[in-house]
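A quick write-up on the structure given underneath.
Both backbone and side-chain heavy atoms feed into the values below; hydrogens, waters and symmetry mates do not. Quick caveat, the model's predicted, so the values are computed rather than measured.
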Amino acid sequence: MQTDHPSPGKPAPAPGTPDRAARRAVTVFPLLVLAAGGLGLATPGTFGGWKESVPYLLGVVMFCMGLTMTPQDFKGVARRPWAVALGLVAHYVIMPGLGWLIAHALDLSPQLAAGVILVGCAPSGTASNVVTYLARGDVALSVSVATVSTVLAPLVTPPLTLLLAGEYLPVDAGSMVTDILKTVLLPVIAGLVVRLCFGAYVDRVLGALPWLSAGTIAVIVAVVVAGSAEAIKSAAGLVFVAVVLHNGLGLALGYGAGKAARLGAPASRAMAFEVGMQNSGLAASLATAHFSPLAALPAAVFSVWHNVSGAVVAAWMSHRARRAA
């Protein structure tokens, strides 16, 4: 759900612009995903044959992400390599580690433990840059970290999952690399190429892309929930606790990493969301393909919760920033 990237000091965009549309999509997104999850739980048979479509649906989301990218996003990495590197290390150390610790602390079943860890090993969430903007954070840093973490996902996510989740379930890291290349990296690159070649046409539909991404992720959640509808009744409470802890500690530790590195308040706010918000659509797709629909349940819950918590924390940070100014 990325969009054209405003600078933190820029005035709020006028109604109808891509940024305003993206902010509305982020606000409505949790309700949309929650409704989709409820539909999957109430009528699991409706989505019974949709499991094989999940990777293609994720490809649509990542293609939309690629359409919103510009060469400027990659130039930001070259301008601030230290800050971007810190964000990447924090993201791929804090969230996988928290996933493993929470799985042990809550004594989760192997399927749920693997699912929580897989969420932690995913790249940054596709809405993190918009939430950073709402929080008056460093959007340029947020975009750079999210972009590079997505590009590096085929190299980082599978070995991390093997290392941390391998004690719970067998992990085919090689097959996972192939899946991430097909469902994440190639669609992102294709979207970027289309943007470069047909930018004038893409600009006309930028406002619709966040809605398309949100709707597609909602369908993924419905399919995942439908696949584990029976198990949800007994495991939902425990999964919710795990997700709240995972996301909340990730936001706090991400912000703390930025403060400890003396990046400044706006960059620390960006770090909070780049660490604490995950690409849960990718985690759900990988869990469904490599583990089971039950293992995808933490990712489905995370899809709802991290947007709710992100919006709330962003509002709080924005209020503090206005008072400080």
Side-chain angles (χ1 to χ4, degrees), residues 30 33-34 37-38 40-41 44 51 54 90-125 156-173 175-176 220-221 223-254 256-257 272 275-310 313:
V33 174
L34 188 61
L41 187 63
K51 177 182 174 181
V54 170
H91 179 87
Y92 279 121
V93 170
I94 290 174
M95 291 304 280
L98 283 175
W100 184 86
L101 288 172
I102 290 169
H104 276 265
L106 297 180
D107 195 23
L108 298 179
S109 68
Q111 298 285 348
L112 292 178
V116 170
I117 291 170
L118 185 53
V119 170
C121 296
S124 295
V156 179
T157 298
L160 273 178
T161 305
L162 175 62
L163 175 66
L164 298 175
E167 66 180 275
Y168 292 102
L169 293 173
V171 178
D172 187 346
S175 177
M176 196 175 286
I220 293 174
V221 170
V223 175
V224 169
V225 170
S228 55
E230 292 301 319
I232 286 176
K233 298 174 183 178
S234 60
L238 189 60
V239 171
F240 182 72
V241 171
V243 165
V244 171
L245 287 173
H246 201 182
N247 171 243
L249 291 172
L251 291 171
L253 293 176
V275 172
M277 298 185 72
Q278 302 293 94
N279 189 333
S280 45
L282 172 61
S285 176
L286 292 175
T288 301
H290 293 269
F291 301 139
S292 71
L294 180 60
L297 181 58
V301 176
F302 206 99
S303 291
V304 180
W305 178 253
H306 79 154
N307 283 280
V308 173
S309 66
V313 173

Quick one: [atom1] on [X] to [atom2] on [Y], what's the gap to the nearest 0.5 Å?
X    : Y    : atom1 : atom2 : value
L162 : T157 : CG    : OG1   : 12.5 Å
L245 : L101 : CG    : CG    : 11.0 Å
L106 : H246 : CG    : NE2   : 11.5 Å
L286 : N279 : CG    : CG    : 9.0 Å
F291 : T161 : CZ    : OG1   : 6.5 Å

So which atom in [X] and which in [Y] form the shortest heavy-atom distance, rounded to 0.1 Å?
X    : Y    : result
A300 : V225 : CB-CG2, 4.3 Å
L160 : Y92  : CD1-O, 3.6 Å
L112 : P298 : O-CG, 3.9 Å
L169 : Q111 : CD1-OE1, 3.5 Å
C121 : L164 : SG-CD1, 4.5 Å
A287 : L118 : N-CD2, 3.5 Å

Determine whether a donor-acceptor pair (N or O, by modelled atom type, separation under 3.5 Å) exists between the side chain of [X] and the backbone of [Y].
X    : Y    : answer
S303 : A299 : yes
S292 : A295 : yes
H91  : A122 : yes

- Starting from the C-alpha separation in whole Å, work towards a yes-or-no answer on side-chain contact (heavy atoms from CB on, under 4.5 Å) for V275 and L253. CA-CA 8 Å; V275 172; L253 293 176; 5.6 Å; no
- Determine, stepwise, if the pair M95 / L98 fulfils side-chain contact (heavy atoms from CB on, under 4.5 Å). CA-CA 5 Å; M95 291 304 280; L98 283 175; 4.2 Å; yes
- Query: So, do P123 and L282 sit near enough that their side-chain heavy atoms are less than 4.5 Å apart?
  - Reply: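 Yes, side chains in contact.
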